[in-house]
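The structure appears below as structure tokens.
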Amino acid sequence: LSATALYIIIKNNMNIQKMLKGGKKMSVKWDGTKLLETIVANEESTAKLYRAIAENANIGAKFFEILAADEERHKMIYEALLVKYADKLGLELDEAYSEYVDLLIRRNVVFDNKLIEDAKTIDRRDQILQIAERAERDAILFVSELQKMYPIMAKEEMEIILNEERKHLKMVLEKQELPQPYIRGL
């Protein structure tokens, strides 16, 4: 199929769905608690992962310790937000957007204990950095969605965290661009 044909098919399908729903966007009640809990779990498991990598990194221990400390601080901020906004996390979302966020949450990969233990034995720097890149990209994605849904929730703290996650990703990507021996040292 050409790009034009694909566009026409998608557009027609969207028009049919809109007509079936009376031309109105469907909205659903949604609870942001599950998103915040997912972010807390991600920050916690990412900190554990970074600490495990730091234990075995020849040169990169300090790098991963700094990242781990930041992730632990982020986790505490999110936990405080869960308490502070516990009764204010319900909202109306467009059904399609709600489904998208639910899918992100369901398909989220938290670094479990097995993966963390396995990471200790990875001896290729590029593989370690790919894992860190994935963690930081996910953090940026989740924080961005949280900000979109709750624009006034701890606005300054959220912006600081988002900028730190971007800084982490930048640092990881810069390390990936350096010439790499196929050993663990960063």
Side-chain contact, heavy-atom cut-off 4.5 Å: Arg73 with Glu164?
yes
Assess the side chains of Glu145 and Tyr97: does a donor N or O sit below 3.5 Å from an acceptor N or O?
yes
Side-chain donor or acceptor of Ser144 paired with backbone N/O of Ile140 under 3.5 Å:
yes
Tell me whether Ile116 shares a hydrophobic cluster with Val40, the cluster being built from Ile, Leu, Val, Met, Phe, Trp, Tyr side chains joined at under 4.5 Å.
no
Quick one: pull up CG in Leu146 and CG in Leu81 and give me the separation to the nearest 0.5 Å.
7.5 Å
Of all the heavy-atom pairs spanning Val110 and Ala41, show the shortest one and how long it is.
CG1-O, 4.0 Å
With a 3.5 Å distance limit and no angle check, can you tell me whether Arg137 reaches the backbone of Ala132 through a side-chain donor-acceptor pair?
no
Please state whether the rings of Tyr50 and Phe64 are parallel, tilted or perpendicular, taking 30° and 60° as the class boundaries.
tilted
So, taking the atom named CD1 in Ile66 and the one named NE2 in His168, what distance separates them when rounded to the nearest 0.5 Å?
9.0 Å
Is it true that Glu92 and Ser27 share a donor-acceptor pair across their side chains at a distance under 3.5 Å?
yes
Should Leu169 and Leu67 be counted in the same cluster of Ile, Leu, Val, Met, Phe, Trp and Tyr side chains packed under 4.5 Å apart?
no
Going by atom types alone, do Asn108 and Asn42 pair a side-chain donor with an acceptor below 3.5 Å?
yes
Is it the case that the side chain of Thr121 and the backbone of Asp118 share a donor-acceptor pair, with hydrogens and angles ignored and the cut-off at 3.5 Å?
yes
Identify the heavy atoms of Ala54 and Glu65 that sit nearest to each other, and give their distance.
CB-OE2, 3.7 Å
Side chain to side chain contact (heavy atoms under 4.5 Å, CB included) between Met158 and Tyr78, intermediate numbers included:
CA-CA 9 Å; Met158 297 300 290; Tyr78 291 125; 4.0 Å; yes
Salt-bridged, Arg51 to Glu55, with N to O below 4.0 Å?
no
For Asn163 and Glu159, indicate whether the former's side chain and the latter's backbone hold a donor-acceptor pair under 3.5 Å.
yes
To the nearest 0.5 Å, atom CZ of Arg166 lies from atom CD1 of Ile161 at 12.5 Å
Determine, using the 4.5 Å side-chain heavy-atom cutoff (strictly less than), whether Met171 and Leu141 are members of one ILVMFWY cluster.
no
If Ile, Leu, Val, Met, Phe, Trp and Tyr residues are connected whenever their side-chain heavy atoms lie under 4.5 Å apart, and connections chain through other members, are Tyr100 and Tyr150 in the same group?
yes
Correct closest heavy-atom pair for Glu133 and Val172 would be N-CG1, 3.8 Å
Side chain to side chain donor-acceptor pair (under 3.5 Å), paired with Lys75, selected from Glu72, Glu79, Glu71
Glu79
Lys114 with Asp112: basic N within carboxylate O range, under 4.0 Å:
no
Taking atom CD of Gln176 and atom CD of Gln130, what is their separation to the nearest 0.5 Å?
6.5 Å
Heavy-atom pair of closest approach, residues Leu49 and Ala119
CD1-CB, 3.5 Å
Are Lys48 and Phe111 in a cation-pi setup, meaning NZ or CZ lies under 6.0 angstrom from the ring centre and within 45 degrees of the ring axis?
no
Does Leu103, at its CG atom, have more than 12 non-hydrogen atoms belonging to other residues, nucleotides or ligands within less than 6.0 Å?
yes
On a heavy-atom basis, the closest approach of Ala154 and Tyr85 is N-OH, 3.6 Å
Mind checking whether His74 and Thr46 have side chains closer than 4.5 Å, heavy atoms only?
no
According to a 4.5 Å side-chain heavy-atom criterion applied to Ile, Leu, Val, Met, Phe, Trp and Tyr, with indirect links allowed, do Val143 and Leu173 form part of one hydrophobic cluster?
yes
Approximate separation, where rounding is to 0.5 Å, of Lys148 NZ and Leu93 CG:
11.0 Å
Can you confirm whether Met149 sits close enough to Val101 that some side-chain heavy atom of one is under 4.5 Å from a side-chain heavy atom of the other?
yes
Taking only distance into account, with no hydrogens and no angle test, what donor-acceptor pairs under 3.5 Å do side-chain atoms of residues 31-39 form with protein atoms, sequence neighbours excluded?
residue	atom	partner	partner atom	Å
Asp31	OD1	Thr33	N	3.0
Asp31	OD1	Thr33	OG1	2.8
Asp31	OD2	Thr33	OG1	3.4
Lys34	NZ	Asp102	OD1	3.1
Thr38	OG1	Lys34	O	2.7

Yes or no on side chain to side chain contact (heavy atoms under 4.5 Å, CB included) for Leu162 and Gln147, after CA distance, side-chain angles and deciding distance?
CA-CA 9 Å; Leu162 183 59; Gln147 282 183 315; 3.2 Å; yes
For atom NZ of Lys88, is the number of surrounding heavy atoms from other residues, nucleotides or ligands below 6.0 Å larger than 12?
yes
Kindly compute the distance separating CG (Leu115) from CD1 (Ile131), expressed to the nearest 0.5 Å.
6.0 Å
